[in-house]
Number of protein chains: 4
Amino acid sequence: MEFQRRQAIYLQIGDYICENILMKKWKEGDKIPSIRELAVSIEVNPNTVMRTYSYLQDRGIIFNKRGIGYFVAENAYKNTRSLKKEGFINHDLPHLFKTMDLLNLSFNDLKLFYNKNKGVT
Amino acid sequence: MEFQRRQAIYLQIGDYICENILMKKWKEGDKIPSIRELAVSIEVNPNTVMRTYSYLQDRGIIFNKRGIGYFVAENAYKNTRSLKKEGFINHDLPHLFKTMDLLNLSFNDLKLFYNKNKGVT
Amino acid sequence: MEFQRRQAIYLQIGDYICENILMKKWKEGDKIPSIRELAVSIEVNPNTVMRTYSYLQDRGIIFNKRGIGYFVAENAYKNTRSLKKEGFINHDLPHLFKTMDLLNLSFNDLKLFYNKNKGVT
Amino acid sequence: MEFQRRQAIYLQIGDYICENILMKKWKEGDKIPSIRELAVSIEVNPNTVMRTYSYLQDRGIIFNKRGIGYFVAENAYKNTRSLKKEGFINHDLPHLFKTMDLLNLSFNDLKLFYNKNKGVT
DNA sequence: GTGGTCTAGACCACC
DNA sequence: GTGGTCTAGACCACA
């Protein structure tokens, strides 16, 4: 796994887990990798993964069974979605529109990028 | 001037200057405020402004005339725009579209947000 | 470590690091001293060392692993050498030859200085 | 006239004047350009030229006749030469040899550069 | 433990 | 007046 400089690693790991939940790869009740497992597989310090798990647990996305491991929480999908959506509306969109303004990009330009992106992917 | 916690102040000052250039408020060759001047007016330590100016100078957006001050560089508009646009296309947009996917938002949803935003502003 | 007045300390520290790389004392991938460590050992403010490290990182000579420290970059030797060589050929040598001209010194004179220098060292 | 960043402008102007003396373009007793004249012609603040002239006067290279202007001093050639030679031997040469060492350049390499330089010029 | 940012204040060289 | 460098010390996020 590769990390960007712009964001804390533990948050990027969090995003990765949230994506799996949003894509329904990991369903509610599923066991997720142990801290050590994940740490080894993505070559990161266990402390960092631990921090991710605490972060997600605080937000009701995963929960811990002592001695057994971490599991996807009951309302994980809903919680994850509302968390992401909030960030999307409050941060991503305003930033998007402001940048488009500064770069003199119209909504049509955005549509072109969108189609291009969809076509490529 | 108000600053957010999420980004270093010196970068936010940099953004502020870039915006002025992109909005053509400051044109190529114009003198920009001296380090001390700007520092006082936005209530920030001169060292912080200095850091911004060094940062922008490294990127060819402003340049220094010794003993006189800083000036908007020759290709500042072009450089700034291409810098911002690159970030927009390579980082912001992919992230945006990915998030929309995860949230099951269609392009029409985006259009709604856009219109709403334009209506409000 | 002793510093000269004629050049900024952070650049002299940079030269020191580059020399270690050119002399192959520090090889690619090696961890270099932490900012605080080096600062203490050469009796300089950590901010000054930090500045050196940022400077070298910008030039692809060292890189940072977050929370761990700075390391000699992959092409550090190559980059350092070409950086120094470029300065040598484009600045030092022209200046040298020009000065020799002005002082009416021949290449033989230079050879004498060279031999003398080698004999002393 | 173009100036480099690496050295104070007033010193670069000083070098320019010394060169004229060493090349015997300006001989002892000759009047040199007035501060204002020179300042205008090289597009520099008169204060800067003033500083150059003070600097050279202190070193016995030029002298001032009040109300008339500046003139090349009696032992200007000798003084200039010894000044430059001192710098050459104490600064330029040690730096040259050290850099050659670091870059693994032999004296033969230096000879090649020398011949190339002479050939081109 | 690591780096990164910021402040306050000083001093200097230069224009 | 301008920028540039350095110190001292603080605080924070991250691994």
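Just so you know, these numbers come straight off a predicted model, no measurement behind them. Just so we're on the same page: letters track the sequence lines, and every chain starts at 1.
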Give the C-alpha distance, both sets of side-chain angles, the deciding distance and a yes or no for salt bridge (charged side-chain N to carboxylate O under 4.0 Å, His left out) between C:Asp15 and C:Lys84.
-> CA-CA 10 Å; C:Asp15 281 341; C:Lys84 288 271 174 207; 2.9 Å; yes
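Of the side-chain N and O atoms in C:Arg66, one or more sit less than 4.0 angstrom from OP1 or OP2 of F:dA15. In this model, the phosphate group of F:dA15 is not approached by any side-chain N or O of A:Tyr10 to a distance below 4.0 Å at OP1 or OP2.
C:Leu102 places a side-chain heavy atom less than 4.5 Å from the side chain of D:Glu19. Contact annotation: the side chain of B:Lys65 never approaches that of B:Lys31 to less than 4.5 Å [non-hydrogen atoms, C-beta and beyond]. Between C:Leu22 and C:Arg81 there is a side-chain heavy-atom pair separated by less than 4.5 Å. Between A:Tyr10 and A:Asn47, the closest side-chain pair of non-hydrogen atoms is not below 4.5 Å. Side-chain contact check for D:Ile35 versus D:Tyr70: some heavy-atom pair is nearer than 4.5 Å. The shortest side-chain heavy-atom distance between A:Leu38 and A:Ile13 falls under the 4.5 Å cut-off. Side-chain contact check for D:Tyr55 versus D:Ile61: every heavy-atom pair is 4.5 Å or farther apart.
In this structure, the CG atom of C:Asn64 is 14 Å from the P atom of F:dC14, given to the nearest Å. Computed from coordinates, the A:Arg6 CZ to F:dC14 P distance equals 15 Å when rounded to whole Å.
Backbone-only contact: B:Val44 has heavy atoms under 4.0 Å from sugar-phosphate atoms and none from a base. Among the protein residues, C:Tyr53 comes within range of no part of the nucleic acid, since none of its heavy atoms lies under 4.0 Å from any strand.
Checking C:Pro46 against C:Arg36, the closest nucleotide of DNA chain F that is more toward the 5' end is the one next to C:Pro46. Between D:Gln7 and B:Asn45, it is B:Asn45 whose nearest contact on DNA chain E lies nearer the 5' terminus. Each of C:Gln57 and B:Glu43 has a nearest nucleotide on DNA chain E; the 5'-most of these lies closest to C:Gln57. Mapping B:Ile32 and B:Asn47 onto DNA chain F via the closest heavy atom, the residue that lands nearer the 5' end is B:Ile32.
Residue C:Ile32 holds its CD1 atom at 9.5 Å from CG of C:Asn20, rounded to the nearest 0.5 Å.
You can see that DNA chain E meets the heavy atoms of chain C within a 4.0 Å-exclusive cut from E:dT2 to E:dC6, reading 5' to 3'.
The end-to-end axis angle of the helix from E:dG1-F:dC14 to E:dC14-F:dG1, rounded to 10 degrees and based on five pairs per end, is 20°.
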